[in-house]
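A short worksheet on the structure shown next.
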Amino acid sequence: MEHAVKLNFPSDPRYLGVVRGAIERFASLAGFDEEDCRWITLAVHEALTNVIRHAYQNRHDQPVEMRLSERDGGIEVLMVDHGKGVKPEQMSGRDLEDVRPGGLGLHMIREIMDKAVYSPLEGRNELLLFKVKGSKPSVGE
Amino acid sequence: MEHAVKLNFPSDPRYLGVVRGAIERFASLAGFDEEDCRWITLAVHEALTNVIRHAYQNRHDQPVEMRLSERDGGIEVLMVDHGKGVKPEQMSGRDLEDVRPGGLGLHMIREIMDKAVYSPLEGRNELLLFKVKGSKPSVGE
Amino acid sequence: MNIATRQNGTSTVVDVKGDIDLYNSPEVRKVILEELKEKKTARVIVNLSGVRYIDSSGVASLVEGLKVSRTLASRFMLYGLSPAAREVLELSRLIRVFEVYASEEEALKAQ
Amino acid sequence: MNIATRQNGTSTVVDVKGDIDLYNSPEVRKVILEELKEKKTARVIVNLSGVRYIDSSGVASLVEGLKVSRTLASRFMLYGLSPAAREVLELSRLIRVFEVYASEEEALKAQ
Ligand SMILES: Nc1ncnc2c1ncn2[C@@H]1O[C@H](COP(=O)(O)OP(=O)(O)O)[C@@H](O)[C@H]1O
Ligand SMILES: Nc1ncnc2c1ncn2[C@@H]1O[C@H](COP(=O)(O)OP(=O)(O)O)[C@@H](O)[C@H]1O
């Protein structure tokens with residue numbers, strides 16, 4: 001079975017905790033240590049809040065799909081939405097030197113994961129996240 | 001959205017922990033206290049191990065679907081398999097006075113949940129579990 | 001998530017329990033800004049010792065508190081960071097921007 | 001889940017860490033039965049203090065250990081039950097069947 005665990009749920013922040021519960025256990029199953037499981041959970045969570053806020057513009061009743069798999073000695077997460085896509089180059093984090101709220105999510109995702117590929121397709125946007133075992137985020141520079 | 005969170009995964013005991021992670025958080029979201037969340041997680045877990053062992057006779061690559069929803073002031077879990085069904089009356093727990101391994105699952109499920117309805121349909125078996133907030137299992141008689 | 005405020009001398013301590021994420025960070029933001037803007041509290045101390053998980057929207061609420069406290073010349077402090085909360089602030093390069101203390105006592109004593 | 005055995009005097013302590021469920025209870029069963037049947041250990045003490053979650057297949061492994069110990073006239077004991085583990089044994093009416101102790105010391109001293 002290629003995709004081991006599939007989750008479908010509405011774009012409501014209520015369910016963020018449920019999704020984190022599943023991701024954290026899946027990362028542990030895939031062989032990541034406790035700290036890495038926390039990081040991966042954070043990155044996937046941030047990507048999901050972006051789908052809720054940007055792709056679905058805070059509508060809470062839209063469908064989100066997430067596929068978790070173990071692949072190439074790591075964890076792969078595919079997130080699918082049917083909301084508003086943007087050009088991949090518009091998905092950009094901001095300069096962190098400027099202290100202000102917001103604009104931290106993409107930065108966190110890129111620091112934590114080894115791969116983050118966004119594909120806005122016809123009526124369907126996909127975000128593919130991948131992290132291999134042993135790679136660490138570069139915390140605090 | 002009627003069914004809030006849907007999970008699809010293979011009938012492999014590897015994924016039991018991931019499913020528990022999601023259930024426990026969903027029960028908490030539905031308003032159950034920590035102890036109840038533990039109980040509900042145990043009951044759903046037991047029902048799932050029965051699907052793996054009995055309906056799928058320990059084949060680990062068969063599809064399982066689980067739908068979690070908040071309903072009528074409680075939590076509803078619908079579990080669907082496409083394995084070997086049995087007549088509902090053959091689903092019976094055993095006398096607990098006899099100390100031996102096995103035969104505890106159904107007993108636990110019935111003590112914990114308020115409703116457990118098994119429906120072997122054409123090529124598809126459904127188990128519907130429901131628990132309302134405030135009902136406690138009758139621990140130790 | 002649970003949030004409550006209490007007085008400790010002339011300071012207000014905001015006790016947060018549970019995960020801070022997009023689901024409940026608006027509430028955290030509201031409580032903090034109310035303390036600073038409406039109640040004009042001179043020192044707001046956020047107790048994060050009951051927080052296991054904090055996401056970027058939670059961090060944003062804290063940053064907003066910090067910025068508002070600066071305009072009002074009041075103090076905004078954090079204490080009781082779990083390893084996870086600390087990691088998130090480090091990852092967003094914000095750990096050195098906040099006044100972070102190990103305990104409530106230290107935050108209260110700080111000049 | 002992690003399982004390891006160690007000697008303490010003439011007893012063997014089986015340290016289990018993590019969740020015991022259908023995925024790993026066969027391993028728990030194997031280690032316990034090996035101690036009793038092959039190594040003929042007179043007293044096997046299972047340390048459950050690192051176990052947060054135990055399902056009916058985990059309980060079944062413990063019941064099997066208990067039954068085998070009875071046929072061999074050896075002792076089979078548990079200690080360090082978390083509230084969750086205790087609840088499961090209560091729910092399956094087995095809590096009074098096992099010899100349950102609060103600590104390793106008590107299990108070792110028990111006549
Ligand atoms: N899933 C998404 N769909 C559409 N746009 C997105 C998505 N994720 C991120 N973006 C865009 O990238 C920007 C930066 O995102 P992020 O770093 O997470 O910060 P923030 O969401 O707080 O603005 C967002 O403001 C948005 O314009
Ligand atoms: N999902 C299921 N599909 C088919 N048969 C089942 C299922 N769940 C339970 N059963 C039947 O009910 C019996 C009792 O189940 P249970 O109390 O969980 O104990 P055990 O599984 O250890 O035998 C099982 O042995 C099996 O015959």
Side-chain angles (χ1 to χ4, degrees), chain A residues 9-21 23-24 33-54 56-60 64 93-113 136-141, chain C residues 1-3 16-33 36-37 46 48 50-71 76-78 81-100:
Chain A
F9 51 91
S11 56
D12 188 325
R14 275 179 79 69
Y15 302 112
L16 286 166
V18 177
V19 175
R20 288 202 300 276
I23 303 282
E24 194 149 13
D33 65 22
E34 221 179 289
E35 195 187 328
D36 275 347
C37 290
R38 276 204 306 264
W39 285 123
I40 292 166
T41 305
L42 180 66
V44 176
H45 166 96
E46 291 294 330
L48 175 54
T49 63
N50 278 344
V51 165
I52 296 173
R53 294 182 304 134
H54 303 304
Y56 286 134
Q57 300 170 292
N58 284 311
R59 273 173 301 157
H60 289 174
V64 184
R94 63 173 177 81
D95 187 354
L96 291 184
E97 295 311 307
D98 184 17
V99 176
R100 59 172 177 82
L104 300 171
L106 286 182
H107 176 72
M108 288 182 178
I109 295 166
R110 291 195 185 122
E111 292 266 300
I112 295 167
M113 305 305 283
K136 289 274 168 195
S138 47
V139 167
E141 272 115 286
Chain C
M1 200 269 314
N2 244 307
I3 187 162
V16 192
K17 262 208 175 116
D19 295 356
I20 307 183
D21 68 11
L22 185 63
Y23 183 41
N24 51 45
S25 60
E27 200 182 331
V28 174
R29 179 181 176 277
K30 188 175 148 268
V31 170
I32 289 173
L33 295 189
L36 290 165
K37 282 189 179 166
V46 184
L48 293 169
V51 173
R52 203 187 83 95
Y53 182 87
I54 181 163
D55 77 352
S56 76
S57 79
V59 172
S61 304
L62 299 179
V63 172
E64 229 182 310
L66 180 67
K67 300 217 103 180
V68 167
S69 75
R70 283 182 181 169
T71 20
F76 186 75
M77 302 163 155
L78 310 177
L81 273 69
S82 67
R86 181 173 292 274
E87 283 163 11
V88 169
L89 288 179
E90 283 172 359
L91 197 66
S92 42
R93 313 277 195 274
L94 287 167
I95 193 81
R96 273 160 292 168
V97 173
F98 285 105
E99 288 192 58
V100 178

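We use all heavy atoms of the structure for the numbers below, so side chains are in, but hydrogens, waters and symmetry mates are not. Per chain, numbering begins at 1; letters A, B, ... match sequence-line order.
- The greatest number of non-hydrogen atom pairs below 4.5 Å with chain C, out of R38(A), R20(A), E46(A), R53(A), is found for R20(A).
- Shown here are the side-chain hydrogen bond (donor to acceptor under 3.5 Å, both in side chains) partners of R70(C), two or more places apart in sequence or in another chain: there are none.
- When atom types are taken as modelled, the side chain of H107(A) and the backbone of L91(C) share a donor-acceptor pair closer than 3.5 angstrom.
- Ranked by non-hydrogen atom pairs under 4.5 Å with chain A, the options I54(C), V63(C), I95(C) are led by V63(C).
- Side-chain contact between V88(C) and M108(A) is present, with at least one heavy-atom pair separated by less than 4.5 Å.
- If you measure heavy-atom distances from E34(A) to chain C, you find no contacts under 4.5 Å at all.
- Rounded to the nearest 0.5 angstrom, L104(A) CG and L94(C) CG are separated by 6.0 Å.
- Ranking S61(C), P83(C), S56(C), S92(C) against chain A, the residue ahead of the rest is S56(C), based on heavy-atom pairs under 4.5 Å.
- Note: D55(C) CG to T41(A) OG1 = 12.5 Å, rounded to the nearest 0.5 Å.
- At a heavy-atom separation below 4.5 angstrom, chain A is approached by D21(C), L22(C), Y23(C) within residues 20-28 of chain C.
- Checked against side-chain contact (heavy atoms from CB on, under 4.5 Å), V31(C) has the following partners two or more places apart in sequence or in another chain: I3(C), T5(C), V14(C).
- For Y56(A), the ring-ring contact (aromatic ring centres under 6.0 Å, His included) test picks out no residue, with sequence neighbours left out.
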